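Here the structure is a predicted model, which means the values were calculated and not measured.
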Amino acid sequence: AMAAPRPLSRFWEWGKNIVCVGRNYADHVQEMRSALPSEPVLFLKPSTAYAPEGAPVLVPAYCRELHHEVELGVLLGRRGRAVPEAAAMDYVAGYALCLDMTARDVQDECKKKGLPWTLAKGFTASCPVSAFVPKEKIPDPHALRLWLKVNGELRQEGQTSSMIFSIPYIISYVTKIMTLDEGDLILTGTPKGVGPVKENDEIEAGIDGVVSMRVKVERSEY
């Protein structure tokens, strides 16, 4: 039997890889007191991190300080391996607004011990995503304003023009390390203004003139 087609509009149901770029906005690097990277800082989230609109963000039981990070997500439309930078945008199918929810207290501990960030970044529902935005709706992904509010108060806003590494550069860099598949998502980093959320908070985030989403914060049972 033929497999049913997998619509990109529901990428979170079947996309396999979520590759995240840390420290890609200089103002965020500064607020985290980190060094400016000379190459992209990468980490992964599992596909079970996806939380489409309507699903809550879950605070893991082991986390005391959960932070929001608003990001532009780039969705791949076909498999790519060692994609040249000049051809990278041909691999993009579209975009999504994403939140990289981070257990900040856990991340700080991991950093101190020189351990990977998996516990801080890879927990269930740590990647809320908006509706899929086809590529044609965003002629220039490096000319967008991202924003995030918690309970109606503006916390984060930034321009994708401030990214340290461009989207074509990131796609080329990542695919030299790992093959990416159709439906895979790259999170491109967060601007400054990250901060805590707690149970029952409502997060609202958007890309100006393109898409927005609302997410409730709930405590995980586990």
Residue pair Cys110 / Pro116: nearest heavy atoms and the distance that separates them
SG-O, 3.4 Å
So, for Cys63 and Val59, which heavy atoms are closest and what is the spacing to 0.1 Å?
O-CG1, 4.0 Å
Arg145/Glu157 under salt bridge (charged side-chain N to carboxylate O under 4.0 Å, His left out): CA gap, chis, key distance, verdict:
CA-CA 7 Å; Arg145 176 179 171 266; Glu157 61 179 322; 2.7 Å; yes
Have Glu65 and His67 got a donor and an acceptor in their side chains that come within less than 3.5 Å?
yes
Any chain of hydrophobic side-chain contacts (each under 4.5 Å) joining Trp12 to Leu44?
no
Lys192, NZ atom: more than 12 neighbouring heavy atoms under 6.0 Å
no
Flag for His68-Arg155: side-chain donor and acceptor within less than 3.5 Å:
yes
Cation-pi, Trp147 ring and Lys149 (6.0 angstrom, 45 degrees):
yes
Please test Glu182 against Arg6 for salt bridge (charged side-chain N to carboxylate O under 4.0 Å, His left out), starting from the C-alpha separation and ending with a verdict.
CA-CA 10 Å; Glu182 181 189 5; Arg6 301 177 301 182; 3.8 Å; yes
Any donor-acceptor N/O pair, Asp140 side chain to His142 backbone, under 3.5 Å
yes
Please check if Ile167 and Val210 belong to a single hydrophobic cluster, counting links between Ile, Leu, Val, Met, Phe, Trp and Tyr side chain heavy atoms closer than 4.5 Å.
yes
Which heavy atom of Ala131 sits nearest to which heavy atom of Val211, and what is that distance?
O-CG2, 4.4 Å
Do Leu185 and Val133 land in one hydrophobic cluster if side-chain heavy atoms of ILVMFWY residues count as linked below 4.5 Å?
no
Which residue pairs pass the ring pair (Phe, Tyr, Trp, His ring centres under 6.0 Å) test with at least one member in residues 161-193, sequence neighbours excluded?
Phe165-Tyr169
Is Tyr25 linked to Leu36 within one hydrophobic cluster, defined over Ile, Leu, Val, Met, Phe, Trp and Tyr using a side-chain heavy-atom separation of less than 4.5 Å?
yes
Would you compute the distance between atom CZ of Phe132 and atom NZ of Lys137 and round it to the nearest 0.5 angstrom?
9.5 Å
Contact between Val21 and Phe43 at the side-chain level, heavy atoms closer than 4.5 Å - yes or no?
no
Exactly one candidate in Val150, Asn200, Val197 meets side-chain contact (heavy atoms from CB on, under 4.5 Å) with Val217; the answer is Val197
Contacts under 3.5 angstrom, residues 72-101 side chains, donor-acceptor by atom type, not counting sequence neighbours:
unit_1, atom_1, unit_2, atom_2, d
Arg79, NE, Asp181, OD1, 2.8
Arg79, NH2, Asp181, OD1, 3.4
Arg79, NH2, Asp181, OD2, 3.3
Arg81, NH1, Thr175, O, 3.2
Arg81, NH1, Lys176, O, 3.2
Asp100, OD1, Lys45, NZ, 2.8
Asp100, OD2, Lys121, NZ, 2.7

Measure the CD1-CD1 distance between Ile207 and Ile138 for me, rounded to the nearest 0.5 Å.
5.0 Å
Are any side-chain N or O atoms of Trp117 and backbone N or O atoms of Lys111, one a donor and one an acceptor, separated by less than 3.5 Å?
no
Passes side chain to side chain contact (heavy atoms under 4.5 Å, CB included), Val19 versus Asp184? Steps please.
CA-CA 8 Å; Val19 183; Asp184 285 351; over 6 Å; no
Distance, nearest 0.5 Å, that separates CG of Asp105 from CG of Leu66:
9.0 Å
ILVMFWY cluster, Ile203 and Leu146 together (side-chain gap under 4.5 Å)
yes
Measure across Phe123 and Ser126 and return the closest heavy-atom pair with its distance rounded to 0.1 Å.
O-OG, 2.7 Å
Ile186/Ile171 under side chain to side chain contact (heavy atoms under 4.5 Å, CB included): CA gap, chis, key distance, verdict
CA-CA 8 Å; Ile186 299 174; Ile171 291 171; 3.9 Å; yes
To the nearest 0.5 Å, atom CG of Asn24 lies from atom CG of Leu187 at 11.0 Å
Begin with the C-alpha distance, continue with both residues' side-chain angles, and end with the deciding distance and a verdict on side-chain hydrogen bond (donor to acceptor under 3.5 Å, both in side chains) for Glu204 and Ser212.
CA-CA 7 Å; Glu204 193 183 354; Ser212 66; 5.3 Å; no
Spacing of NZ belonging to Lys16 relative to CZ belonging to Phe11, to within rounding of 0.5 Å:
15.5 Å
Hey, could you give me the CD/NE2 distance between Glu31 and His28, rounded to the nearest 0.5 Å?
5.5 Å
Is any side-chain N of the basic residue among Arg104 and Glu69 closer than 4.0 Å to the acidic one's carboxylate O?
yes
Heavy-atom distance under 4.5 Å between the side chains of Val29 and Pro37, does that happen here?
yes
Has Glu53 got a side-chain atom pairing as donor or acceptor with Met213's backbone, closer than 3.5 angstrom?
no
On a heavy-atom basis, the closest approach of Ala61 and Ser220 is N-CB, 4.5 Å
May I have the step-by-step check of side chain to side chain contact (heavy atoms under 4.5 Å, CB included) for Thr188 and Met163, ending in yes or no?
CA-CA 8 Å; Thr188 56; Met163 284 185 193; 3.2 Å; yes
Between the side chains of Thr190 and Gln156, is a donor N or O closer than 3.5 angstrom to an acceptor N or O?
yes
Looking at every heavy atom in both Pro46 and Ile18, which two are closest together, and how far apart are they?
O-CD1, 3.4 Å
